[in-house]
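Below you'll find the structure, written out as structure tokens, and then a few comments.
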Protein chains: 2
Amino acid sequence: MPSSADVARLAGVSRKTVSRVFNDEPYVSAEVRRRVMDAADALGYRLNQTARALASGRTRTVGVVTLGTPGYGPATLLVSIERAVRDTGYALHVVSTMDGDPAGIASAVTSLLEQGVDGIVISEPVDEGKVSIRVDVPVLFLGAPPAFAAVRTLTTSTGSELLARAATDHLLDLGHATVHHVAGPRRWYAARDRIEGWRAALEERRRIVPPVVAGDWSAASGYAAGRELARDDDVTAVFAAGDEMAIGVIRALLEAGRRVPEDVSVVGLDDMPVAAYVTPPLTTVRQPFDAAAREGLKLLVHAIENPGADLPKAAALPVELVVRASTAPPPSRTPGLAQGEVSCPTA
Amino acid sequence: MPSSADVARLAGVSRKTVSRVFNDEPYVSAEVRRRVMDAADALGYRLNQTARALASGRTRTVGVVTLGTPGYGPATLLVSIERAVRDTGYALHVVSTMDGDPAGIASAVTSLLEQGVDGIVISEPVDEGKVSIRVDVPVLFLGAPPAFAAVRTLTTSTGSELLARAATDHLLDLGHATVHHVAGPRRWYAARDRIEGWRAALEERRRIVPPVVAGDWSAASGYAAGRELARDDDVTAVFAAGDEMAIGVIRALLEAGRRVPEDVSVVGLDDMPVAAYVTPPLTTVRQPFDAAAREGLKLLVHAIENPGADLPKAAALPVELVVRASTAPPPSRTPGLAQGEVSCPTA
DNA sequence: ATGAAAGCGCTAACAA
DNA sequence: TTGTTAGCGCTTTCAT
């Protein structure tokens, strides 16, 4: 592999001049610049970012620690982050933790620090436990409060609590007496935030707050929750904390002979691409992954490049309720009509 | 930041000894090892991988170039790759290309090479065009033939062609005269491979090969395709190249008054998590993302660590057809029965 | 506008 | 079992 010294020799200049050219520094004559470029092309020279990083102390890289789990949310967020990072001109290091616990995050962060990343994104961490490492680069917590001490910590989120409120309010506005909630695992911030939003919406209107039905984000867990909910004739409205769970809930309801939305309304949260095409099309609240990632990265890069400046607050993201066909006013309680209806083909 | 020299001084040993300890090299007495570790802890020392890479010429990092698009397939594959990389002990650099064209791939690869990655994974590239760069590290092409010259190229895939055959055969086995296909964009290898598999299955049984209906992997495009297909009463079986499209197809069919699977059978490809819970539950072929990623990375790491050795062939992955409720034998063509049926509530 | 010298923090090759 | 001596390829600082 040719080095800058080889290029310098061929171009008849010093190594520093080659460095200037490749860093777009001023004070290089157009003629020399051209000569250097030609020499580089001729040799097939490529900048060695490793050496550059060692010498300059900066890698122009940001690291993200993400959940190694599948599932629509985390996967989509990762893709959004990756795009947002690319747009900032930084390179991206990814390390996953099996389940987002403090120990896993600590080792992930340590490994990123060893790689010399200039900034870190912690995407949707799970547990609460504080991590006891000191970090000397800015850290962005996406969807959670800071979990450890860093020179400068930033936070953004897709706004789980507000999204949950919007979903619950929609159901209440439709006339439902209360709303049941199928939640994600309590270990997740996202799950807890949504529970908070749902509860707040109910309490604000002084509605009874039914017990939370626990899921794990999967459609299968939504299905299980739906079977449980289907046993209770008083259930007319369900807010599932994720679209996948909502789809499972609907399936269980239909199989139990409850019509959606005539008997029970269901709203999800995510607005995953298929939500508009399932039967019935799912009413849901869109999760602004792209906007959150872009916004978060803007803050992070700002913090990286302006040490000293104070940290701007994250802008609030829009809440977008998408009303489709899985929600409707509650059934008028006319006895005798609830039985023996023709229902959608199931099983 | 403390350096290995600081640790060495505090522990009363040479820098090389510190290096030995942190690389688990032999020939270090237990006592010295402990002293070094203590000193490192006391100082909060962390290995500087950048310096290590510069000195050793290896980064222990693999780079992956991926599509910056959302969509179940690419996103899930990225997560699988990321997990597989982690399991090998390598770090991961990710760079996305907006649309997988040769130019984008070339610049992505160049940037990875500058970062000094030890190996590269090209995940689901799109176009055919050859890329004209020489690469001096092993490259794994996931789901496509090699697109450029590299010291050593490897390939694996989830087996699109076989998966498509399995889907088509299932429908044919059910008694359908032929199978219509809703394909992904022709630019994608995955789309072309599936078309091939579908066509081969039909030709093998000497069935007529209907024109391909083009989609773009999205549920929306599947919906559009479904509307088109619904106009043709002869259509009794549809194979969609992706689950999202299949869900769109089903939706369009139901809205047009065609029952699924009584009038038309639909099979997808992916087996995304919600497939089992949509209405009707979707028959599909599972895409072995995890296995493909793991298998591919095993090969790549082998190539990285055994330059010289010849490249093992990738093992064939299992084909798993998941039969659910969206497929059934074709309707017996009894005139007069196809009309006026009660259909599932829609829109 | 250009160059010389001195490292960045580590490992490689050899010596002791 | 441990230490010494040279770099890895670049950027920095300071001259010129």
Side chain to side chain donor-acceptor pair (under 3.5 Å): pairs with one or both residues in residues 89-98 of chain B, sequence neighbours excluded
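Sorted pair list: A:E82-B:S96, B:R58-B:Y90, B:Y90-B:E305.
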Using a distance-only test with no angle check, is there a side-chain donor-acceptor pair under 3.5 angstrom linking B:Q115 and A:Q49?
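The answer is no; no qualifying pair exists.
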Of all the heavy-atom pairs spanning A:V65 and A:A108, show the shortest one and how long it is.
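So the minimum-distance heavy-atom pair works out to CB-CB, 4.1 Å.
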Within the side chain of A:S4, is there an N or O that forms a donor-acceptor pair under 3.5 Å with the backbone of A:V18?
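Pair absent, no side-chain N/O of A:S4 close to backbone of A:V18.
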Keeping B:S80 on the side-chain end and B:T76 on the backbone end, is there a donor-acceptor pair under 3.5 Å?
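Answer holds: yes.
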What is the nucleic acid contact for B:V13, judged by heavy atoms within less than 4.0 Å: base, sugar-phosphate only, or nothing?
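Counting heavy atoms under 4.0 Å across all strands, the contact made by B:V13 is with sugar-phosphate only.
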When you compare the protein's N or O atoms with those of nucleotides 5-7 of chain D, which come within less than 3.5 Å of each other, and at what distance?
none

Are any protein N/O atoms closer than 3.5 Å to N/O atoms in nucleotides 14-16 of chain C? If there are, list each pair with its distance.
none

Contact residues, residues 35-51 of chain B to DNA chain D [heavy atom, < 4.0 Å]:
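Nucleic-acid contacts, sorted: none.
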How would you list, by chain and number, every residue that makes a ring pair (Phe, Tyr, Trp, His ring centres under 6.0 Å) with B:F22, sequence neighbours excluded?
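Testing B:F22 for ring pair (Phe, Tyr, Trp, His ring centres under 6.0 Å), a comparison that skips the adjacent residues, returns B:Y45.
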Heavy-atom distance under 4.5 Å between the side chains of B:L78 and B:F289, does that happen here?
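Sidechains of B:F289 and B:L78: no contact.
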At less than 4.0 Å, is any side-chain N or O atom of B:S29 found next to OP1 or OP2 of D:dT2? Yes or no.
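Indeed, a polar side-chain atom of B:S29 lies that close.
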Please tabulate, for the side chains in residues 136-154 of chain A, all donor-acceptor contacts under 3.5 angstrom to protein atoms that are two or more places apart in sequence or on a different chain.
from, atom 1, to, atom 2, distance (Å)
A:R152, NH1, A:A303, O, 2.9
A:R152, NH1, A:N306, O, 3.3
A:R152, NH2, A:A309, O, 2.2

